[in-house]
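The structure appears right after this line, and notes come after that.
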Amino acid sequence: TFLYNVLLKVFSHKSSFADTFALFVRMKRSGSAFPDEFTYPSVLKSCSSECRLKEGVAIHGLVVKGGLCEDMYVGSSLVDFYGKCKKLLSARRVFDEMTLRNVVSWTAMVVGYVNAGELDAAKRVFDRMPERSVASWNAVIDGLVKAGNLTEARKMFNQMPERNVVSFTAMIDGYAKEGDLESARALFEEAPEKDIVAWSALISGYAQNGQPNEAMRLFIQMESLNVKPDEFIMVSLMSACSQVGNLDLAKWVDCYLSQSSIDAKQDHVVAALIHMNAKCGNMKRAKSLFEEMPKRNIISYCSMIQGLSIHGRGDEAVGLFKRMLNEGLIPD
RNA sequence: UAAACGGAAUCGACC
């Protein structure tokens, strides 16, 4: 049981739902290991990450059968699971029925309401919390940010007893999306700790607000500090590069990407790569990237079709669109 | 051995 639990934890963090669930099934069938209160949180986490409602509900049933409803970890995981799957009534029911709640249970409930856009309900729960952690504050701040209420978000940010890098990043993202890059930048400089996500929020902010050169500059600065870029950062960088439209720069980024350990097969990465090459005038490369994909999806088709349109190759663009329909993809 | 919070592509009418 111990061994399975450790494995399930690792799987729930790094693998797909299918693999994690398969492992759980194997555990149950093994006859030698039995799911306990340590097992279910990992399995439920995996269900939440892909919104697997049916399976999660089945797990809930097993929890009840196993008499593990009273456990705080299991209960909090259930609240989180239902919340992430937008089943707020179920989340609330589990939450209300819990005999023991801790700050994680409360925060999970707040997050559920935030993700459903029910900010008022989220705040009501937040106000009733017997104690709050940084994550609880961050959850509400992020809700306010996503609702576009930067003023209120900033008030809470200033008001909270302590801030971490997540608090800063939520605010940076909010300011950046609003186009207020000066405030975003100021907070970034002020942040005592800057991780990859904080860098990403700011870099994408510049890229999205027509300041590709500043995005590039930040990328260089980040690199010089030995922070390794990830897929998100590279996508923003490629977006910036597309805006500049410089072929040499595009080649450099393309090359940088292939030499890094970044997974260049992810949807957004390929799409950005295709778009960048198309925009910077390297249609050959764009085309070969597109054709070499084992499976094309709506995002890569989108990049390729637009690439063709930009270059006045309307016929080919329309042809590609037809091919996309033939592959059974639905345009959005 | 377990649970909660932050970042990514492309396009858009009239003006």
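Keep in mind the model is a prediction, meaning the values are calculated, not measured. Reminder, nothing fancy here: chain letters follow the sequence lines and each chain counts from 1.
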Taking only nitrogen or oxygen atoms into account, show me every contact under 3.5 Å that the protein makes with nucleotides 11-15 of chain B, one pair per line with its distance.
{"from": "B/C11", "atom 1": "O4'", "to": "A/Gln306", "atom 2": "NE2", "distance (Å)": "3.1"}

Below 4.0 angstrom, which residues in residues 248-256 of chain A have at least one non-hydrogen atom near RNA chain B? none
Looking just at side-chain N and O atoms, do A/Ser236 and A/Ser239 make a donor-acceptor pair shorter than 3.5 Å? no
For nucleotides 2-7 of chain B, just jot down a letter per nucleotide in 5' to 3' order: B, S or -, based on protein non-hydrogen atoms under 4.0 Å. BBBBBB
Residue among A/Thr151, A/Asn158, A/Leu150 satisfying side-chain contact (heavy atoms from CB on, under 4.5 Å) with A/Arg154: A/Asn158
Below 6.0 angstrom between ring centroids: does that apply to A/Phe95 and A/Trp106? yes
Hphob cluster co-occupancy, A/Leu89 + A/Val114, side-chain heavy atoms under 4.5 angstrom: no
Do the two ring centres, one from A/Phe157 and one from A/Trp137, sit under 6.0 Å apart? no
Walk me through whether A/Asp127 and A/Lys123 qualify under salt bridge (charged side-chain N to carboxylate O under 4.0 Å, His left out). CA-CA 6 Å; A/Asp127 289 335; A/Lys123 276 198 215 149; over 6 Å; no
Between A/Tyr113 and A/Arg92, do the side chains contain a donor N or O and an acceptor N or O under 3.5 Å apart? yes
Rounded to whole Å, the CZ-P distance (A/Phe290 to B/A9) equals 20 Å
Do A/Ser12 and A/Thr20 pass the side chain to side chain donor-acceptor pair (under 3.5 Å) test, and can you show the C-alpha distance, the side-chain angles, and the key distance before you say yes or no? CA-CA 6 Å; A/Ser12 71; A/Thr20 312; over 6 Å; no
Whether A/Asp142 and A/Lys146 form a salt bridge (side-chain N of Lys/Arg under 4.0 Å from carboxylate O of Asp/Glu) is what I want to check. yes
Let's go through A/Ser77 and A/Asp80 carefully: what are the C-alpha distance in whole Å and the side-chain angles of both, what is the deciding distance for side chain to side chain donor-acceptor pair (under 3.5 Å) to 0.1 Å, and is it a yes or a no? CA-CA 5 Å; A/Ser77 302; A/Asp80 180 54; over 6 Å; no
